[in-house]
Enquirer: 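Sending over a structure as C-alpha cells; questions will come in a sec.
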Amino acid sequence: MAAPNAQDLRQLYRHLYLTRALEERLERLVDQGHIAGDLCRCLGQEAIAVGSAWALEPGDWLAPSIRDLGALLVRGLEPREMLLQYMARTGSPCAGKDDANHFTDRERGLLGPIGPLGTQLCVLNGVALAFKARGERQVCMTYQGDGETRTGASHEGLAFAAALRLPMVVVIESNQWAFSTRSHREAAIDEWTDVARGYGVPAIQADGNDVIAVFEAAREAVARARSGLGLTLIVAETYRMLGHSQHDPQAYVPPEELEEWRARDPIDRFESYLLDRHETADGLARIRSVIDSRLDQAVDQALAEPLPEPETALGHVYAAPEVEPAPWTRGAPVGYPDVATSIVPTRMEPPRSL
Amino acid sequence: MAAPNAQDLRQLYRHLYLTRALEERLERLVDQGHIAGDLCRCLGQEAIAVGSAWALEPGDWLAPSIRDLGALLVRGLEPREMLLQYMARTGSPCAGKDDANHFTDRERGLLGPIGPLGTQLCVLNGVALAFKARGERQVCMTYQGDGETRTGASHEGLAFAAALRLPMVVVIESNQWAFSTRSHREAAIDEWTDVARGYGVPAIQADGNDVIAVFEAAREAVARARSGLGLTLIVAETYRMLGHSQHDPQAYVPPEELEEWRARDPIDRFESYLLDRHETADGLARIRSVIDSRLDQAVDQALAEPLPEPETALGHVYAAPEVEPAPWTRGAPVGYPDVATSIVPTRMEPPRSL
Amino acid sequence: MKETTYLEAIREALWEEMKTDESVFILGEDIGTYGGAFKITEGFLKEFGPDRVIDTPISEAAIVGAAIGAAHMGFKPVAEMQFIDFIAPAFDMIVNFAAKVRYRTGVGAGLVIRGPCGGGARAGPFHSQNVESYFANVPGLKMVAPATARDAKGLLRAAIRDPDPVLYFEHKFLYRRIKEELPTDEEILVPIGEARTHRPGNDLTLITYGAPLYKAEEAAERVAEEDGAQIEVIDLRSLRPLDIETLVESVRRTHRALIVHEAPRFGGFAGEITAQLCEEAFEWLDAPIRRVTAIDTPVPYSPPLEDYHLPQMEDIVTAARWLLSY
Amino acid sequence: MKETTYLEAIREALWEEMKTDESVFILGEDIGTYGGAFKITEGFLKEFGPDRVIDTPISEAAIVGAAIGAAHMGFKPVAEMQFIDFIAPAFDMIVNFAAKVRYRTGVGAGLVIRGPCGGGARAGPFHSQNVESYFANVPGLKMVAPATARDAKGLLRAAIRDPDPVLYFEHKFLYRRIKEELPTDEEILVPIGEARTHRPGNDLTLITYGAPLYKAEEAAERVAEEDGAQIEVIDLRSLRPLDIETLVESVRRTHRALIVHEAPRFGGFAGEITAQLCEEAFEWLDAPIRRVTAIDTPVPYSPPLEDYHLPQMEDIVTAARWLLSY
Ligand SMILES: Cc1ncc(C[n+]2csc(CCOP(=O)(O)OP(=O)(O)O)c2C)c(N)n1
Ligand SMILES: Cc1ncc(C[n+]2csc(CCOP(=O)(O)OP(=O)(O)O)c2C)c(N)n1
Ligand SMILES: [Mg+2]
Ligand SMILES: [Mg+2]
C-alpha cells in the first residue's frame, strides 16, 4: 500500500474529525438521556484508530477496542449505525441486544469486542487462522489497552498468534491509564515494546498522536503479516484526555499532564501538517461543516427510530428454533421505572456500568 | 547465604541422588500396581529443584511444579510422605484425597500445585503479599514449565508479582518440551530470558544441569527478593529425559538429543565435580548405599500402611460441619472394579491421567 | 439509628471489619485511588494505606489467587470483581483452587469475592449477569445474595469472618435504591445459611433472593389486596448452604411453592430448591412447584428488551394466582 | 458391522467428518504429533496435515477463542480439552463469547469443545470432574454426554454439523471399556436433543447420562430379578436441549422418577430435570422425585475414597426399591 496522497490526507482528516464530532454527539445524547448505556470516549487518541485502520485493504478484518471508533468509520461504518447502536434502536447493528461497538459484521470484516478484556484478540486469531488455512492474503488488526495487556486472555492470544505465525497486527494503545490506575505502575515496565520480546515478535514504537506516524507503522506491520511473517506489535504512545467513561471525572489525573498532552492534540497537529502543505483553513473548515451538518441530520433520523419490540428479546439465542418464553416469564414491557407503586424511583438514573 | 562448603556440597549430592533413587522406587511401585495414579519423573532435571531450593532459608515458601521432587526433599519432606502420597495411604500428606505433590504445608512453607497449570504462582503471590504486609523478610520461590508460561494464569501471576514488587523467584524449567510439543515452537521465542522483559523484571540464565550454577543464580535472585527488589526470573536450560509421564514412551523425541543430554547428566557431572575436589568414589558410594537402604525400608513401611477409610471421603469440604451423605449416595466401598456382574473388567487398568 | 443505603451497608461492613481486624484487607481493580467503580471503597486507601487497599492489574485470576495465598497465611482477603461478570476469568482459580484446597490439603482459604451482579441497569450482556448457578455445583464454596441493607451488612461481616471461600453477590440495582434504618450501636451480623421470612403468609410460599424480592413483595401486596390471599415471602439470603429447613416448614404449611429468580430459567438455582423441596415436602404439596425467572437469553441492552428478559412483578402475580387457584 | 469401542467411535466420527467436509478441523494440545493424550486423534496429522490438525500452546482460552473466530469464517472447529477439567480456564471465552455471540450480533459460532470427563480412573480431583452444571445456566450453549459407542459417534457428528456451540462430554471411563457392533456402511447420526430409552419398563423411570448408565442398567436387572419390577432406564444423551417430552411421557406412565448422575448432588443437573418434571408431570407422580449422585465433595484420589464419592450400583438399587415401595 502506497504512501498517502493529497486525497488520502484529506480522507484521514475527515475521519479524524468525524470521530471526534460523532463522539461529541453521542456525549450529548447521553446527557439528554437518549442513551441508557455508558460511553467511553477516545478524545486525543483518534489518530491511532484512524491511522492504523487506514493501512488495511478490502477483505482484511479489524477488531476494535472500546476507543477505536475511528477505525470502524474508516472500515465503512455509518455514523447512523453507531447512533442507533448506542441508542439501542431498531435497525441498530445489534438490534438493541448489545451496546457500544460490540457488533460483528462479516461483510465489512468487523469483529466486536465483549466486556471481558483481552478476549477479542483470541477470537480474531481464529479469523487469521481461516485466512492462513485458505491461503488467502488477508490480515487481521486489533487493539489492546495498556492495562488490558495484563489479562490472561491477552497473553494467551498473543502467544497463540505468535506460535502459529498468524497474519496479525496488534496495536497497544499506551494511553498511560487503565481506568484510574497508572498503566506503568500496573505493568511495572517502561518500554512497552519489550512486551513483544516475550512472544518472539517485533514491535514498532509510534507516536500515537501523529496519524501519519501511526499509519507508517501500521503499513509496515500489515506488510509483514501479509507476506507471511506473522504477528507484529505496534505500541502507540498517547494519553487518555477524558475520564475512563462518562461516569469518571478523572479527579486522579494531574492537570499539568492533560495540559502537556492537549498541546499534542492529534487533530490540531494534523491540521497544521496539512496547512503546511496544500490545504487551506477554509478548505478544512468546509470539510468540518459538511461533517457536522451530516451528523446532525443523522442524529435527528436516529432519534426518530423506534425502540425494538419487546418480544424480539427472544430471538437468535440458537440458529433455530426461537426460544419460547416459559409461562409467566414473558416480562411485561414495563420495567422497574414504570411500576408506579414500586419502591424504586420512577425515573431510571443512568447506569453506572463501565 | 554463603557459598556452599564441603558439608553443603555433600548435602547437595545426597539430595540429587535421593531424588533420583526415590523416583525409581515410585516408578517400580507404579509398575507393581501399588500406585493408582500417574507419575511424572524429573530424570535429568534434578539439579534445578535441588540447587534452587538450597538457596532458601527457614520460613521461606516454595511451590513446586510436578518435576521438583528434589526441592521438596531439600525443604524437609520425608521420602516416606511422598511414598504414602502416591500410594494414597492413610497418613499421606493429602490423606488420600489428592496425589503427586499436591499438598500444602504451612509449617514447612510448601504450597502444592493443582492440575491446571500456571495457577500456583498466582496463589504463592498471596503468600508473598503476606510477607510484605507484615514486613517480614521471607521470600517465595516457584517453578514453571516452559510450556506452562503460555497459560493466562502464568502471565497474570508474573504481571501481578512484578507490579506489586513481591519477594518472588520464578524458575522457568526450560526442558525443551511441553508434553509432545517443542517448547520453542510453542512459544516462538528463543531466548527465554526475554520473557522477563515483558514484565520489567530481570532474568538470570543458568545451566539447569549444573547444580552449583543453579544455586548461584537462585542465591542472587533470592537476595534481590529479600532486599525488597521484587521478582526475578531464572531460566534453567535442561532436557526432559523421559516421557511426559509414565504413559508416554516419547517416541517423538530424537534419540540423538537424548544422547547429547545424557552426557550432561547433572548427577554424573556433580560427581566428577566432587571427585575433582575432596570426595572419593567410595565416599559417594557410601552415601548412595545409605540412601538406597533407607528408601527400601521406607517403601516396605509405606506398603504396610492401610488405605484410608471410605467414610473419610466426607471430611473437610468446609471447616465445619462435615458433609452428611444424602440418602443412597454413601457409595459402597466396592467400586466399578469389584462389581463382579459389571460390564466393566474386574481389574482396573491404570488411569491415563497426565 | 441511621438511614443506610444497601451500598453504604456494604461499605460500612468492610470499613468496620478492617477497623477491628488487622488481618482483613481488600484488593481489586481501581478500589484504591478511585474508590471502586461504584465508590464502595472510597476513602479506604487514605484510611488503611496501600498495604491493605491494593490496586491490582486487570487480572481476576491473579487477584483471586493472591487472596487464596494470603488466606493461607491467616489474612482475611476481600477481593472485588469490578462487575461480577468478570469473575469468569477467575473461574478456574475459584473452582479448582479456592473451593478444593481445604479438602485436598487440610489448609483452608477463608476469603470473600464480592461484586455487583444483576440487571435492570441497562448495562448490557456483560455487566448484568447473575452468576450463582455457574458455581452452584462446586462443593467447598459458599454463596450469599443479600437483598436488604441489613443483610448486606450482616452477611458481608459473616462472610469476612467465615473460614471458607464465600461468593458475595451484591445487586447493583439496589445499591442506591434501597434504604433502611440501621442501628449504629449494635453489631449487625447475619449468619450464613439462614433464610429470612420477609412477609408471613399461609396460602403460598414464595422463595426468592436478591433484587426480585421487591417485585415479590409488591406482588404479594397486590394479591393480598385484590385476592385476599396471604403469600409468605422468604428471602433466601444464603444460596449455599441452603436453609432448607425454613423452606420445608413453610411449604408444609402453605402447600404451595413459587420460586423467583433473576437468572435465566434453564439450569437456574430454582432447580436445586425444587429438587430439595420435592424430596422433603412432596406429601404436603397441593400444586406443582413453579418458577418465575428471566427468559433463556443473555441480558439484552435495550430497555424494552431487558424488561422483557427480566421477571416482572406482573409475572409473579399471574404465577401466584395460578398456584392459588390450583 | 464392526466391533467399535467408545473411543474408536469418537475417533471415527472425527475422521469421517474431516474426510467429507473440508471445513472441519481440530485444534488442541498434543493432538497432532502425539495424537492426543488418549490417542483419539492418532494419525490425523499425517492424514490431514498441520493446517487441519493444529497443536496449540497450553492456552485453553486461546484455543476456544480461535475456534470461535474460525467458526465465524465458516469453518467447523473441534477443540479438544486434554481433560475436560481444563475447560475452566476457557470458561470466560465459552460463557461470554461463544454462547452469546449469535444473540448479540447475529453471527453464530458453530464449534465443538470436547474432552474426557468423569471419574473412576483414579485420576484425582483435577482429572475426574463432570462440568456440565457449570454451563447449564448459560443460554446459547448445547451439551451432550454420550454413554454408548453409537451415540458417541452419532452425537459427535451431529455436534460438528450443529450451527451452535456444543460441549461434548466423553466419559474417560468408557473409552476402552465399552464396545459395540456398529454398521460400517450406514452413516450414524444421532440428533441433538433426543433422549434414548435404554431399557423399557413401567414401574419406575430412571433418568441418567454418561457412565452411570451401566450401573443403572445393572441395578435395573437386579431389581427385575429379585423384585420382579421393571425399571425404565432413559439415557438423556443430550443435556441441553433437554428431551423433556420423552421424560414426561415415561414418568406419566410409571408415576415414579429417579435421577442418577455422577456429578455432586447440590446444584447438579438433576435439579433442572426435577423442576421440569415437577412442572409437567406433578399430577402423575405417586412418589417424590429422588436422585442418586456423587457426594458433595471434590473427586478424591484414593480408590476407596473415590468409590465412596461416586454413586454406586447398590445405591441405585436401594433408591429404586425405596421408590417402588413408596
Ligand atoms: C476481564 C475484565 N476485567 C475488568 C474489566 C473492567 N474494565 C473495563 S475497561 C478497564 C480499564 C482498561 O484499561 P486499558 O486496557 O488501559 O484501556 P483504556 O481504557 O485505557 O483504553 C477495566 C478495568 C473488564 N472489562 N474486563
Ligand atoms: C490448564 C492446563 N492445560 C493442560 C494441562 C495438561 N498438561 C499437563 S502437563 C502439560 C505439559 C506441561 O509442559 P511444561 O509446562 O513445559 O512442563 P514439563 O512437563 O515440560 O515439565 C500439559 C499440557 C494442564 N495440566 N493444565
Ligand atoms: Mg490504557
Ligand atoms: Mg517443558
Side-chain angles (χ1 to χ4, degrees), chain A residues 61 63 93-95 97-99 102-106 109-136 138 140 151-164 166 313-321 323 326-327, chain D residues 22-23 25 27 49-52 54-75 77 79 89-93 95-111 138-142 162-165 192-193 240-241 275-276 279:
Chain A
W61 272 59
C94 288
K97 286 171 171 176
D98 202 350
D99 64 348
H102 290 187
F103 50 87
T104 290
D105 178 337
R106 277 188 278 215
L110 301 177
L111 180 89
I114 62 172
L117 291 167
T119 50
Q120 88 238 43
L121 166 60
C122 294
V123 175
L124 194 63
N125 279 340
V127 175
L129 205 57
F131 289 151
K132 198 152 169 274
R134 293 185 181 140
E136 293 168 347
Q138 272 75 16
C140 294
T151 62
S154 163
H155 174 67
E156 291 197 3
L158 288 169
F160 190 97
L164 277 69
L166 299 179
L314 291 165
H316 304 300
V317 177
Y318 297 95
V323 174
Chain D
E22 276 287 317
S23 67
F25 75 95
L27 71 168
D51 275 345
R52 297 182 66 196
I54 302 172
D55 272 329
T56 70
I58 304 170
S59 50
E60 285 74 16
I63 291 167
V64 172
I68 296 167
H72 283 349
M73 299 297 283
F75 282 86
F91 186 81
D92 184 34
M93 200 62 72
V95 166
N96 286 323
F97 217 122
K100 296 176 172 58
V101 67
R102 178 188 297 281
Y103 185 74
R104 297 187 305 106
T105 73
V107 179
L111 58 92
V138 182
L141 297 179
K142 296 182 177 181
D162 197 277
D164 291 306
I192 294 175
R240 185 169 192 161
Q276 290 199 34
E279 284 162 350

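Below, chain A is the first sequence line, B the second, and so on; all start at residue 1.
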Enquirer: Could you check which of A:Gly115, A:Gly126, A:Pro93, A:Gly157 has the highest count of heavy-atom pairs closer than 4.5 Å to chain D?
Expert: A:Gly126

Enquirer: Test D:Ile68 against every option in A:Val123, A:Asn125, A:Val127, A:Thr119 by the side chain to side chain contact (heavy atoms under 4.5 Å, CB included) rule and name the one that passes.
Expert: A:Val123

Enquirer: Identify the two heavy atoms, one from A:Ala313 and one from D:Tyr103, that lie closest to each other, and give their separation to 0.1 Å.
Expert: O-OH, 2.5 Å

Enquirer: Quick one, A:Leu129 and D:Phe75 - any side-chain contact, counting heavy atoms below 4.5 Å?
Expert: no

Enquirer: Identify which part of D:Met73 has an atom lying under 4.5 Å from any heavy atom of chain A, answering side chain, backbone, both or neither.
Expert: both

Enquirer: Looking at D:Ala70, D:Ala90, D:Ala99, which one has more heavy-atom pairs under 4.5 Å with chain A than the rest?
Expert: D:Ala70

Enquirer: Which one, D:Pro163, D:Pro77, D:Gly140, leads in non-hydrogen pairs under 4.5 Å with chain A?
Expert: D:Gly140

Enquirer: State, to 0.1 Å, how close D:Phe97 and A:Gly112 come at their nearest heavy-atom pair, and which atoms those are.
Expert: CZ-O, 3.7 Å

Enquirer: If only atom types and distance count, is the side chain of A:Tyr318 paired as donor or acceptor with the main-chain N or O of D:Leu141 below 3.5 Å?
Expert: yes

Enquirer: Flag the one option from D:Ala61, D:Pro89, D:Ala71 with the top tally of heavy-atom pairs under 4.5 Å to chain A.
Expert: D:Ala61

Enquirer: Is the closest side-chain heavy-atom distance between A:Ile114 and D:Lys100 below 4.5 Å?
Expert: no

Enquirer: Can you tell me which portion of D:Ala67 sits under 4.5 Å from chain A's heavy atoms? Options are side chain, backbone, both or neither.
Expert: neither

Enquirer: If we define contacts as heavy-atom pairs under 4.5 Å, which of D:Asp164, D:Asp92, D:Asp51, D:Val101 has the most with chain A?
Expert: D:Asp164

Enquirer: Do you know which two heavy atoms are closest between A:Pro116 and D:Asn96, and how far apart they sit?
Expert: CG-ND2, 3.7 Å

Enquirer: Looking at every heavy atom in both A:Leu164 and D:Pro57, which two are closest together, and how far apart are they?
Expert: CD1-CD, 4.2 Å

Enquirer: Can you give me the closest heavy-atom contact between D:Arg104 and A:His102, atom names plus distance?
Expert: NH1-O, 2.9 Å

Enquirer: Minimum heavy-atom separation for D:Glu60 to A:Glu156, with atom names?
Expert: N-OE1, 3.5 Å

Enquirer: Between A:Leu111 and chain D, with a heavy-atom cut-off of 4.5 Å, which part of the residue counts as in contact: side chain, backbone, both or neither?
Expert: side chain

